[in-house]
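Structure, as C-alpha cells:
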Amino acid sequence: MARRKKPIIPDDVLDQVLAGRVVRTMSDADALLGDMKKALAERLLNAELDHHLAGEAVAGRPNCRNGYGQKTVLTDAGRVRLDIPRDRAGTFDPQLIARYRRRFPGFDDRVISMYARGMSVREIQGHLLEIYGMEASPDLISVITDAVLDEVAAWQNRPLEVVYPVVFFDALRVKIRDEGMVRNKAVHIALGIRADGTKEVLGLWIEQNEGAKFWLRVMNELRHRGVEDILLAMVDGLKGFPDAIRAVFPEALVQTCIVHLLRHSLDFVAWKDRKSVATALKDIYRAVDAETGKTALAAFAESPWGRKYAAIVQSWERAWEEVIPFYAFPADVRKLVYTTNAIEALNAKLRRAVRARGHFPNDDAALKLFFLALNRAEKEWIMPPREWSMAKAQFAILFGDRFARATV
C-alpha cells in the first residue's frame with residue numbers, strides 16, 4: 001500500500017492559520033492568502049527595523065521605534081495595505097518595500113512577462129482588473145515596461161565575439177507612429193551562430209529607409225563591439241547591403257538567402273501556379289555547381305513558366321553574384337544556409353508577439369517588445385542546429401585559420 005505523502009506544511013500549522021476562518025470557496029482562499037501575505041510582509045518589515053536599530057545602537061547613534069505608517073502596495077494578488085514600521089531618526093529604509101515604492105517585488109516582472117507575450121498596455125490593464133480586481137493605469141504599465149529600455153541599451157552595446165562563422169541579417173516590417181503619422185518601418189535583426197553552433201542575437205535596429213549608409217553604420221557598430229570577422233553573411237538581397245558588409249569585413253562571403261529569393265520569386269506568381277513554379281525553380285538552386293545552376297536558370301527563362309513570369313528570371317539574374325557562393329558549399333553547409341530554420345523560427349515568434357497590435361506608438365515601444373520576445377526565445381536555444389556538427393567540419397576546411405579563431 002502506498003504511503004501517504006508528507007505535506008509540505010504540517011496539518012497542525014494549517015489548523016492554526018485557519019483558526020476562526022471559514023474557507024469554502026477559492027475566493028475565500030484568495031482572501032486568506034492575501035491576509036497571510038500582508039502578515040508575512042509586516043513581520044519581515046519589523047524584523048528589518050529591529051536589525052536596523054541594532055546597527056544604530058552598535059554605532060552609538062540613539063534611535064528607537066516610532067509607530068507605523070500605512071502604505072497601499074500592488075501585489076500579484078491585488079492591493080494590500082501594509083503597516084510600515086518607522087524609526088525616530090527617520091533613517092530606516094526597508095528593503096522589502098523600498099521608500100517611495102508602491103509595487104511589491106514580483107509585480108513588475110508579472111507585467112513585463114505579459115508585455116513580452118504580446119499583450120498590449122490596454123490588454124494588460126484589463127487582465128489585471130479581471131483576474132486580480134486591480135486597477136492599474138496605462139501610464140503605470142508604461143512606466144514599468146519603460147524600465148526595460150535601460151536593459152535594451154546595455155544589451156545593444158554589449159561586447160560580442162571576435163569571429164562569427166555565420167550571421168543572418170533579416171527584417172520584419174511593423175507599423176510605428178512617427179511625427180503624427182503611422183509609417184511602415186523595418187526592425188532589422190542580426191542573428192549570429194558561434195563556433196559551437198549556439199545562437200545569439202547580435203542587435204536590433206529600427207529604420208524606415210534602408211540603404212548602404214544605414215548598413216554601413218550597422219557594420220561599424222558590430223566592429224566597435226568587438227566583431228573582427230564574419231565568415232558567411234546571409235542577406236535578403238537588399239540594395240547596397242553586400243557592399244556595406246565588405247567595406248567593414250572585406251573577407252566576408254556574402255550569400256543571398258535562397259529562401260528569401262524563392263519567396264520574392266513567388267510573389268510574382270498566381271496562387272494556382274505557385275506549386276508548379278516552385279518545383280521548376282528547384283533545378284536552379286539544387287544544381288551541383290554555379291555553371292550548372294546558370295544553365296538551369298537559362299532553361300527556366302525559356303520554359304513556359306519563365307516566359308509567363310519573366311520578372312522571376314530578372315530577380316535571380318540581379319542577385320546572381322550573391323547566389324554563386326552557395327554552389328561552393330557541400331551538402332551539409334547548403335542545408336544550413338538554405339533552410340535558415342534559425343531565423344525563420346525566430347521570426348515566427350516575433351510575428352506572434354506583434355500580431356495583436358495595430359501599430360506601435362513610437363520606436364521605443366517596438367524595441368521593448370522585440371527585446372523581451374527575443375529574451376524569451378533565447379531561453380529555448382539549448383541545442384545547436386542539427387546540421388551544425390557536419391557543417392562545422394566543412395567550415396574548418398573552407399575557412400581554415402579564420403574559423404580556428406572562432407573556436408579559441
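Here the structure is a predicted model, which is why all the values come from computation and not from measurement. Scope of the values below: all heavy atoms of this structure, side chains included, with no hydrogens, waters or symmetry mates.
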Notebook entry, point to check: Can you name the one residue among Lys213, Arg173, Arg217 that meets salt bridge (Lys or Arg N to Asp or Glu O under 4.0 Å) with Glu207?
Noted result: Arg217
Next item on the list: For the residue pair Asn66 and Asp87, establish whether any side-chain heavy-atom pair is separated by less than 4.5 Å.
Entry: no
Note to self: Can you list everything that forms a salt bridge (charged side-chain N to carboxylate O under 4.0 Å, His left out) with Arg318? Sequence neighbours excluded, please.
What the structure shows: none
Next item on the list: Applying salt bridge (charged side-chain N to carboxylate O under 4.0 Å, His left out), name anything that partners Arg88, two or more places apart in sequence or on another chain.
Entry: none
Next item on the list: Tell me, please, which residues at least two apart from Pro325 pass side-chain contact (heavy atoms from CB on, under 4.5 Å).
Entry: Leu253, Gln255
Next item on the list: Specify the closest pair of heavy atoms between Lys294 and Trp320, including all atoms of both residues, with the distance to one decimal.
Entry: N-CZ2, 3.6 Å
Notebook entry, point to check: Do Leu231 and Pro165 touch side chain to side chain, with heavy atoms closer than 4.5 Å?
Noted result: yes
Next item on the list: Kindly give the heavy-atom pair with the smallest separation between Ile176 and Asn362, and that separation in Å.
Entry: CG2-C, 3.5 Å
Note to self: Test of understanding: with side-chain contact (heavy atoms from CB on, under 4.5 Å), list the residues that count as partners of Ala396, not counting sequence neighbours.
What the structure shows: Phe403
Margin query: Tell me which pairs pass salt bridge (charged side-chain N to carboxylate O under 4.0 Å, His left out) where either residue lies in residues 181-193, with sequence neighbours left out.
Written below: Asp178-Arg183, Asp178-Lys185, Glu179-Arg183, Lys185-Asp363
Next item on the list: Could you tell me whether the side chain of Ile189 reaches within less than 4.5 Å of the side chain of Leu204, counting heavy atoms only?
Entry: yes
Next item on the list: Check whether any side-chain heavy atom of Ile312 sits under 4.5 Å from a side-chain heavy atom of Trp305, and report yes or no.
Entry: no
Margin query: Checking Asp289 now: which residues fulfil side-chain hydrogen bond (donor to acceptor under 3.5 Å, both in side chains) with it, not counting sequence neighbours?
Written below: Thr292
Checklist line | Any donor-acceptor N/O pair, Arg61 side chain to Gly55 backbone, under 3.5 Å | finding: no
Check: With distance as the sole test, does Asp283 use its side chain to make a donor-acceptor pair with the main-chain N or O of Ala296 at under 3.5 Å?
Finding: no
Next item on the list: Only counting residues at least two apart or in another chain, list the ones meeting side-chain hydrogen bond (donor to acceptor under 3.5 Å, both in side chains) with Tyr327.
Entry: none
Next item on the list: Could you verify whether a donor N or O on one side chain and an acceptor N or O on the other, from Ser265 and Trp316, lie under 3.5 Å apart?
Entry: yes
Notebook entry, point to check: How long is the gap from CE on Met234 to CD on Glu322, to the nearest 0.5 Å?
Noted result: 11.5 Å
Notebook entry, point to check: Do Asp170 and Leu191 touch side chain to side chain, with heavy atoms closer than 4.5 Å?
Noted result: no
Check: Taking all atoms of both residues into account, what is the closest heavy-atom pair of Phe370 and Leu172, and its distance?
Finding: CE2-CD1, 3.9 Å
Next item on the list: Determine which pairs satisfy salt bridge (charged side-chain N to carboxylate O under 4.0 Å, His left out) with at least one residue from residues 394-407, sequence neighbours left out, and list them in order.
Entry: Glu228-Arg405, Asp229-Arg402
Next item on the list: Using the test side-chain hydrogen bond (donor to acceptor under 3.5 Å, both in side chains), find all partners of Asp196 that sit at least two apart in sequence or belong to another chain.
Entry: Thr198
Next item on the list: Answer whether the closest heavy-atom distance between the side chains of Val166 and Trp388 falls below 4.5 Å.
Entry: yes
Margin query: Check this for me: Glu291, atom CD, are more than 12 non-hydrogen atoms of other residues, nucleotides or ligands nearer than 6.0 Å?
Written below: no
Check: So which heavy atom on His264 is nearest to which on Ser315, and how close?
Finding: CD2-CB, 3.7 Å
Notebook entry, point to check: Which atoms form the tightest heavy-atom contact between Pro85 and Asp83, and what is the distance?
Noted result: CD-O, 3.5 Å
Next item on the list: Supply the atom-to-atom distance His224 NE2 to Asn157 CG, rounded to the nearest 0.5 angstrom.
Entry: 12.0 Å
Item checked: CD on Gln156 to CZ on Arg158, rounded to 0.5 Å -> 8.0 Å
Item checked: Option passing ring-ring contact (aromatic ring centres under 6.0 Å, His included) with His188 (candidates Phe168, Trp205, Trp215) -> Trp215
Next item on the list: Could you check whether the rings of Phe169 and Phe241 sit parallel, tilted or perpendicular, using 30° and 60° as the cut-offs?
Entry: perpendicular
Next item on the list: Using a 4.5 Å cut-off on heavy atoms from C-beta on, say whether the side chain of Phe360 contacts that of Lys175.
Entry: no
Note to self: Holding to side-chain hydrogen bond (donor to acceptor under 3.5 Å, both in side chains), I want the full list of residues that pass it with His52, two or more places apart in sequence or in another chain.
What the structure shows: Thr91
Next item on the list: Would you check, one step at a time, whether the test side chain to side chain contact (heavy atoms under 4.5 Å, CB included) holds for Leu262 with Leu281?
Entry: CA-CA 8 Å; Leu262 285 170; Leu281 290 171; 3.9 Å; yes
Note to self: To the closest 0.5 Å, what do you measure between CZ (Phe300) and NZ (Lys282)?
What the structure shows: 13.5 Å
Notebook entry, point to check: With side chains defined as the heavy atoms from C-beta onward, is the minimum distance between Val323 and Ile284 less than 4.5 Å?
Noted result: no
Check: How far does OG1 of Thr256 sit from OH of Tyr285, to the nearest 0.5 angstrom?
Finding: 15.5 Å
Checklist line | Rounded distance (nearest 0.5 Å) linking atom CZ of Phe399 with atom CD of Glu251 | finding: 10.0 Å
Item checked: Heavy-atom pair of closest approach, residues Asn63 and Ala89 -> OD1-N, 3.0 Å
Note to self: Could you work out, with salt bridge (charged side-chain N to carboxylate O under 4.0 Å, His left out) as the rule, every residue matching Lys308, not counting sequence neighbours?
What the structure shows: Asp273
Checklist line | Residues that Arg65 engages under salt bridge (charged side-chain N to carboxylate O under 4.0 Å, His left out), provided they are two or more places apart | finding: Asp50
Notebook entry, point to check: With distance as the sole test, does Arg225 use its side chain to make a donor-acceptor pair with the main-chain N or O of Leu202 at under 3.5 Å?
Noted result: yes
